[in-house]
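If you're wondering where the values come from, they're calculated on a predicted model, not measured in any experiment.
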Amino acid sequence: QVQLVESGGGSVQAGGSLRLSCAYSGYIYSSHYCLGWFRQPPGKEREGLGIINRRIGGIDYGDSVQGRFSISQDNAKNTLYLQMDSLKPEDTAMYYCAADKGFCSRSKFVRADFEYWGQGNQVTVSS
């Protein structure tokens, strides 16, 4: 079992920045896990933002946030981060972190095929 707790969301004006954190715990330390960030704008489908292999690194980003968002992790703190810069009103959404056993893959990312999910964290960007 893996637990994910997100924090750091809130409201910001367009052009601003936010950093989301995802603290994880449970049986995630002994195996390879893929960690990811997703979001779901109101009335729209869930969208993948980026994924990272917890043990070996290696990051893949969604096209819509390439160059503005960046993923990082601090394994010593058991925390995954999403740094969001140059925010736009269309970035307004509920943001989720996720974890799944095994290596990351593009198909896993596209299908959001993750077993464990955080509770979600609202990000609102005003114009």
Side-chain angles (χ1 to χ4, degrees):
Q1 192 75 2
V2 174
Q3 295 80 41
L4 305 166
V5 179
E6 299 134 353
S7 60
S11 298
V12 65
Q13 288 193 325
S17 298
L18 280 175
R19 188 177 77 159
L20 301 183
S21 300
C22 175
Y24 52 82
S25 60
Y27 294 109
I28 197 172
Y29 313 113
S30 59
S31 302
H32 287 280
Y33 266 81
C34 180
L35 305 176
W37 284 102
F38 296 82
R39 70 182 180 186
Q40 187 163 17
K44 296 185 178 180
E45 293 185 353
R46 184 170 47 196
E47 174 188 14
L49 303 177
I51 52 176
I52 182 171
N53 283 294
R54 179 185 172 271
R55 276 192 172 183
I56 61 175
I59 300 174
D60 192 9
Y61 290 101
D63 293 339
S64 65
V65 299
Q66 187 80 255
R68 296 191 300 123
F69 290 10
S70 61
I71 291 176
S72 62
Q73 61 179 347
D74 186 335
N75 286 354
K77 295 182 177 180
N78 301 325
T79 302
L80 176 72
Y81 301 100
L82 178 68
Q83 178 66 40
M84 303 184 291
D85 298 319
S86 302
L87 283 162
K88 305 174 183 179
E90 51 264 43
D91 293 319
T92 294
M94 187 70 79
Y95 284 71
Y96 299 89
C97 62
D100 194 67
K101 192 172 182 179
F103 292 99
C104 291
S105 68
R106 192 69 184 176
S107 62
K108 183 192 295 281
F109 183 35
V110 170
R111 294 180 301 164
D113 187 16
F114 285 71
E115 181 173 2
Y116 304 102
W117 292 83
Q119 81 282 3
N121 214 343
Q122 179 68 36
V123 171
T124 302
V125 184
S126 58
S127 57

**Study point:** Under the side-chain contact (heavy atoms from CB on, under 4.5 Å) test, residues paired with T124 that sit two or more places apart
**Key:** S11, T92, Q122
Check your understanding: Do any pairs count as a salt bridge (Lys or Arg N to Asp or Glu O under 4.0 Å) and have a residue in residues 5-33, sequence neighbours left out, and if so which ones?
Key -> none
Study note, to complete from the structure: Applying salt bridge (Lys or Arg N to Asp or Glu O under 4.0 Å) to D85 and not counting sequence neighbours gives none
Review point. Considering all heavy atoms of both residues, which atom of L49 and which atom of V65 are nearest to each other, and what is their separation?
Key: O-CG2, 3.6 Å
Revision key, fill the gap. Residues M94 and G120: closest non-hydrogen pair is SD-C, 3.7 Å
Study note, to complete from the structure: When every non-hydrogen atom of A112 is compared with those of W117, the smallest separation belongs to O-CZ2, 3.6 Å
Check your understanding: What residues, two or more places apart in sequence or in another chain, satisfy side-chain contact (heavy atoms from CB on, under 4.5 Å) together with V2?
Key -> L4, I28, Y33, A99, Y116
Review point. So which pairs with a foot in residues 84-127 pass disulfide (SG to SG under 2.5 Å), sequence neighbours left out?
Key: C22-C97, C34-C104
Check your understanding: For the hydrophobic clusters of this structure (ILVMFWY residues joined by side-chain heavy atoms under 4.5 Å, transitively), does one cluster hold both I71 and V123?
Key -> yes
Point to revise | Cluster link I59 to L80, ILVMFWY, side chain under 4.5 Å | key: yes
Review point. Of all residues at least two apart in sequence or in a different chain, which pass the side-chain contact (heavy atoms from CB on, under 4.5 Å) check with A14?
Key: P89, V125
Practice item. Indicate yes or no: at least one non-hydrogen side-chain atom of I51 is less than 4.5 angstrom from one of K108. Key: no
Exercise for review: Decide yes or no on side chain to side chain contact (heavy atoms under 4.5 Å, CB included) for F109 and Y61, but give the supporting numbers first.
Suggested key: CA-CA 9 Å; F109 183 35; Y61 290 101; over 6 Å; no
Practice item. Any chance you could measure S127, atom OG, to K88, atom NZ, to the nearest 0.5 Å? Key: 14.0 Å
**Study point:** Non-neighbouring partners of N121 that pass side chain to side chain donor-acceptor pair (under 3.5 Å), sequence neighbours left out
**Key:** none
Practice item. Sorted by first residue and then second, give each disulfide (SG to SG under 2.5 Å) pair with at least one member in residues 48-92; sequence neighbours left out. Key: none
Check your understanding: Checking D74 side chain against K77 main chain: does a donor-acceptor pair fall under 3.5 Å?
Key -> yes
**Study point:** side chain to side chain donor-acceptor pair (under 3.5 Å) partners for S107, two or more places apart
**Key:** S105
Study note, to complete from the structure: Applied to residues 63-106, the ring pair (Phe, Tyr, Trp, His ring centres under 6.0 Å) test, sequence neighbours excluded, yields H32-F103
Point to revise | Residue pairs, two or more places apart or on separate chains, that pass salt bridge (Lys or Arg N to Asp or Glu O under 4.0 Å) and touch residues 33-60 | key: R39-E47, R39-D91, D60-R106
**Study point:** Y24 to T79 - nearest heavy-atom pair and separation
**Key:** CE2-N, 3.6 Å
Check your understanding: side chain to side chain donor-acceptor pair (under 3.5 Å) with Q3: which residues, sequence neighbours excluded?
Key -> S25
Check your understanding: Between R68 and S86, what is the shortest heavy-atom contact and its length?
Key -> NH1-O, 3.0 Å
Practice item. Specify the closest pair of heavy atoms between F114 and G36, including all atoms of both residues, with the distance to one decimal. Key: CE2-N, 4.0 Å
Exercise for review: Supply the atom-to-atom distance L82 CG to S21 OG, rounded to the nearest 0.5 angstrom.
Suggested key: 9.5 Å
